[in-house]
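Below you'll find the structure, written out as structure tokens, and then a few comments.
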4 protein chains.
Amino acid sequence: MDKRERIIQAAIDVFSDKGIEKATISEIVKKAGIAQGTFYLYFNSKLAVMPDIAELMVRKILEGLTSEVKDGPIDQQIGDIIHVIFKITNEYKVLTKLIYTGLTQTQYVGSWEEIYAPLYNWVENLLQRGKEAQAINSDVNTKFTAKIIIGSVESVAEQVYLYDHLDEDSIIRYKNELHKFVANAIGAYR
Amino acid sequence: MDKRERIIQAAIDVFSDKGIEKATISEIVKKAGIAQGTFYLYFNSKLAVMPDIAELMVRKILEGLTSEVKDGPIDQQIGDIIHVIFKITNEYKVLTKLIYTGLTQTQYVGSWEEIYAPLYNWVENLLQRGKEAQAINSDVNTKFTAKIIIGSVESVAEQVYLYDHLDEDSIIRYKNELHKFVANAIGAYR
Amino acid sequence: MDKRERIIQAAIDVFSDKGIEKATISEIVKKAGIAQGTFYLYFNSKLAVMPDIAELMVRKILEGLTSEVKDGPIDQQIGDIIHVIFKITNEYKVLTKLIYTGLTQTQYVGSWEEIYAPLYNWVENLLQRGKEAQAINSDVNTKFTAKIIIGSVESVAEQVYLYDHLDEDSIIRYKNELHKFVANAIGAYR
Amino acid sequence: MDKRERIIQAAIDVFSDKGIEKATISEIVKKAGIAQGTFYLYFNSKLAVMPDIAELMVRKILEGLTSEVKDGPIDQQIGDIIHVIFKITNEYKVLTKLIYTGLTQTQYVGSWEEIYAPLYNWVENLLQRGKEAQAINSDVNTKFTAKIIIGSVESVAEQVYLYDHLDEDSIIRYKNELHKFVANAIGAYR
DNA sequence: AATGAATGAGGTTTCATTCAT
DNA sequence: CATGAATGAAACCTCATTCAT
């Protein structure tokens, strides 16, 4: 693995473990197995790694969506989307949250839209096709709704895994309720 | 105003301005007009102020909900809720986001549920009454749905104000779409 | 117990526990159950308590000597002296050492001679009587030898209790060797 | 001279001058001519330098013993030992005392035995040879007695130089008395 | 005589950043 | 490109000391 990649991976580990505040470049380089000075050949600060981390996360989610959201009724596809986002959130725990904040705290806020665009687009396309197939309400604004859905699902996933620490059973019931909520919201049940 | 209160206010200012990372105790005490050592009589670290800030935010939102969500059809009440949360989010900008992260990064994660409980309860009660009046779907789990709604609305508000920096007109259209989304989700339109 | 006495006792506890370096007035007053400011009505600094502590220690040793060193052959009296000093050293552990250092580090070094004088005198008198009774070498300088004996015994006691942490059995053998050493040194066996 | 060595030398100076209590890392680094942060690359606290200082002291004493204690009657060798320890104690004044205390006050107490071992061994060997040559009492426990002798001599040296501040003439008489004391103690005069 | 909240000087400690190798 | 010892600015944090009550 090349140096840059190793830095990003190490940064993910350290940020997840210590949070942005307590994470130090010293620890990142130690974990990456490179010299202190080498870090600066690739990044200017620990927060400068964030966009790369965000990109990696979005890529993971997209890969998940592409592979796990099957063709079929949109109702079922929503279930798949929820499942994927929950899985990734659980896997990377606090990281999802940190990315938001990490980007916010820097000059990289602007990158946000850019980085998440593919994800929003993917869901928007799915809604668009659903709309054309008259599988959801005709008055749904696909652009806005894509973001609302992703925001809702991520928000609940964070609740469930980061704050409430629910047991597996409760999580399933939560996901079902959320599924019903979103499906109704876009009229996927008619 | 007593010392503790002044620290909290100063911390809000500094966190909002600099973010958690760059905020320093030195600056907080300067803004609060107290001595360096005095800070430590009340808090152990800058992050230890977070639970108090969160509590203040929740109190603000609750006050907003109590005063601005009128009696009337539940559909309209949802509009009011969205309006209140958007207003507070805009007012405190990054702070909402920082609280999440600030609590996550510390030993105070546990406080989260406790602090937000009143807010969740308030919405849950509203849903409960709507259910009893058969104004919303009978199969709605009020506890889960309360959290889903608050999460969704906050998530969209943050999108709108923190990342997308939308113009006023787009925000209104976004709010309308969100309103429709939530109302449909719980079956408030039948 | 009056305030002054309580401060001295608390200081003994804290110094024993934390050492001079880490001991703080804050902790002493907490242990003494008095207010922060009250300390200064009795002492100017934590080290200013040292002479009082030293006096208390010397008093303890003197009481021990007076009560436990019986009339009889000087050889046996030496054994008693060793026993008393070992007992007190064990009881107050590091404190003996700290007193030396505590006094050294301050303006109170001068007090040292004054405070220890009674102890030296007591042993000197014992040697003097031994000399007159021709129970020890006639060329012993009682003044110097008194100090040498006390120094040796304290030194060994500290070795045994503070550094080597010997078991009870080894300590007894050590004491016996020391006893023989001192008795021979002053010619108490002829 | 390498950084570590410079820190140790500077620490010796500052400790000797100010005592443990008043010595600061800031002053040590200033005297060593290095940056504040550099200190922490080698030691964690000012007391962490103590074991190194102790080692240096022991080395000095050993060098003194090796070079100044001549072959010859054991009686005379004892005189040499006393002379060396007095000289070093005078040269380093308070430092000898501080080492004891410095080590006591920290996690490094354990190091004590280890550091002093060579010194004890050296004297023990000398006694052993004296015993084999029947120059001293046959019932002397060389291990214990080595420690007793070193302890006694150091104790008296500290008395003389640190507390009593005796004049040169009195010191010579004190040394003579001590010499006689130790020689008699082990039966070196027969 | 006693209190204890508040102070702020002055220490400690960290860690991003540099630069000679 | 890569290194990592050294730096020192800038934060942290403690705690003796004060003083109004």
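Fair warning: this is a prediction, and the values are worked out from it, not measured in the lab. Reminder, nothing fancy here: chain letters follow the sequence lines and each chain counts from 1.
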Sugar-phosphate only, base, or nothing, as touched by A:Asp2 at under 4.0 Å among non-hydrogen atoms: nothing
Nearest-Å distance for atom pair CZ/P, residues B:Phe43 and F:dC12: 15 Å
D:Ile53 versus D:Ala11, closest heavy-atom pair with distance: CD1-CB, 4.2 Å
5'-most by nearest nucleotide on DNA chain F - D:Phe39 or B:Tyr40: D:Phe39
Nucleotides 2-9 of chain E: protein proximity per nucleotide (B base, S sugar-phosphate only, - neither; heavy atom, under 4.0 Å): BBBBBBB-
Atom-to-atom span, CZ of C:Arg6 to C1' of E:dA1 - whole angstrom: 13 Å
Sugar-phosphate only, base, or nothing, as touched by B:Ser26 at under 4.0 Å among non-hydrogen atoms: sugar-phosphate
Integer-rounded Å distance: E:dA16 C1' and A:Lys30 NZ: 16 Å
Interatomic distance where CD1 belongs to C:Ile7 and P belongs to E:dA1 [whole Å]: 13 Å
Non-hydrogen atoms of B:Phe15 and B:Leu98 that approach each other most closely: O-CD1, 3.3 Å
Close side-chain approach of A:Phe43 to A:Leu47, heavy-atom, < 4.5 Å: no
B:Asn44 CG to F:dC12 C1', straight-line distance once rounded to whole Å: 13 Å
Interatomic distance, D:Ile25 CD1 vs F:dC12 C1' [rounded to whole Å]: 14 Å
Shortest non-hydrogen contact between B:Tyr40 and B:Gln36, atoms and distance: CD1-O, 3.6 Å
Nucleotide forming a Watson-Crick or wobble pair with E:dA9, both distances under 3.5 Å: F:dT14
Spacing of B:Glu21 atom CD relative to E:dT14 atom P, expressed in whole Å: 17 Å
Any-strand Watson-Crick or G-U partner of E:dA20, both distances under 3.5 Å: F:dT3
Least distance between heavy atoms, B:Ala10 atom then B:Ile28 atom: CB-O, 3.5 Å
Minimal non-hydrogen separation, D:Phe39 against D:Ile34, with atom names: N-CD1, 4.0 Å
Closest-nucleotide ordering on DNA chain F, the 5'-leading residue of C:Ser45 and B:Thr24: B:Thr24
Sidechain N-carboxylate O distance under 4.0 Å for C:Glu21, D:Lys46: yes
Whole-Å gap separating C1' (F:dC12) and NZ (A:Lys22): 13 Å
